Amino acid sequence: MKATVLHWLAHGLVTLVVVAASLAAYDRWVLRPTLVVGVVDVAEVYRAKEAEFTQILTKTLSQPSSEEDRQKALSMAKTFAQRLPAALDELPRECGCLVLLKTAVAGPTPNTVDLTAQLRRKVETP
């Protein structure tokens with residue numbers, strides 16, 4: 001009977017070690033990567049583009065903008081308006097994470113990744 005109890009204790013200990021190792025592996029390679037949160041400051045990207053459009057339209061006070069400049073700014077604005085939603089849709093797939101507005105996150109964490117620069121590159125006009 002004593003051998004049976006030791007056998008069951010050894011079996012239980014091996015089971016406990018295997019389960020603990022499995023849970024640790026699951027946490028390390030499956031769960032933690034999904035906890036990454038990408039943040040993006042859309043307002044910053046929008047303000048930068050708006051400043052670029054404004055600069056084209058108001059080169060200098062002494063030299064008013066031409067019709068060509070207006071058309072260029074309008075074309076850039078249209079391109080930006082088309083690229084922004086598409087770029088925002090692509091970000092979660094590329095980083096494999098949840099993407100939130102930067103203003104929706106109270107504070108950065110070790111799992112927070114700033115994707116603003118990546119968004120800015122996606123909406124740049126060539």
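All values reported here derive from a predicted model rather than from experimental measurement. The residues of the chain are indexed from 1 along the displayed sequence.
- Note: the hydrophobic cluster containing V105 does not contain V113 (ILVMFWY, side chain heavy atoms under 4.5 Å, direct or indirect links).
- Rounded to the nearest 0.5 Å, atoms CH2 (W8) and OG1 (T15) are 9.0 Å apart.
- Pairing each heavy atom of D114 with each of V39, the nearest pair is OD1-O, 3.3 Å.
- One N or O on the side chain of T54 and one on the backbone of E50 form a donor-acceptor pair closer than 3.5 Å.
- The CG atom of L16 sits 11.5 Å away from atom CG of L9, with the distance rounded to the nearest 0.5 Å.
- Expressed to the nearest 0.5 Å, how far CD of E124 lies from CE of M76 amounts to 8.0 Å.
- Cluster annotation: F80 and L74 are assigned to distinct hydrophobic clusters (Ile/Leu/Val/Met/Phe/Trp/Tyr, side-chain heavy-atom contacts under 4.5 Å, transitive).
- Taken together through direct or relayed side-chain contacts under 4.5 Å among Ile, Leu, Val, Met, Phe, Trp and Tyr, L88 and L98 form parts of separate hydrophobic clusters.
- With a 4.5 Å cut-off on side-chain heavy atoms, V99 and V40 count as touching.
- A heavy-atom distance below 4.5 Å is found between the side chains of L115 and C95.
- Relative ring orientation between H7 and H11 is described as parallel, the plane-to-plane angle staying below 30° on a 0-90° scale split at 30° and 60°.
- Salt-bridge annotation for E52 and K49: present, with a side-chain N of the basic residue lying under 4.0 Å from a carboxylate O of the acidic one.
- Salt bridge annotation for E44-R120: present, with a cationic side-chain nitrogen under 4.0 angstrom from a carboxylate oxygen.
- For the atom pair CG of L84 and CG of L119, the computed distance is 6.0 Å after rounding to the nearest 0.5 Å.
- Here the CG atom belonging to D41 is positioned 7.5 Å from the OG1 atom belonging to T103, to the nearest 0.5 angstrom.
- Considering every non-hydrogen atom in both G38 and C97, the closest pair reads N-SG, 3.7 Å.
- No side-chain donor-acceptor contact under 3.5 Å links T112 to the backbone of V37.
- Two different hydrophobic clusters hold V45 and L100 under the rule that ILVMFWY side chains link at heavy-atom gaps under 4.5 Å.
- Using a 4.5 Å heavy-atom threshold, the side chains of K122 and E94 count as touching.
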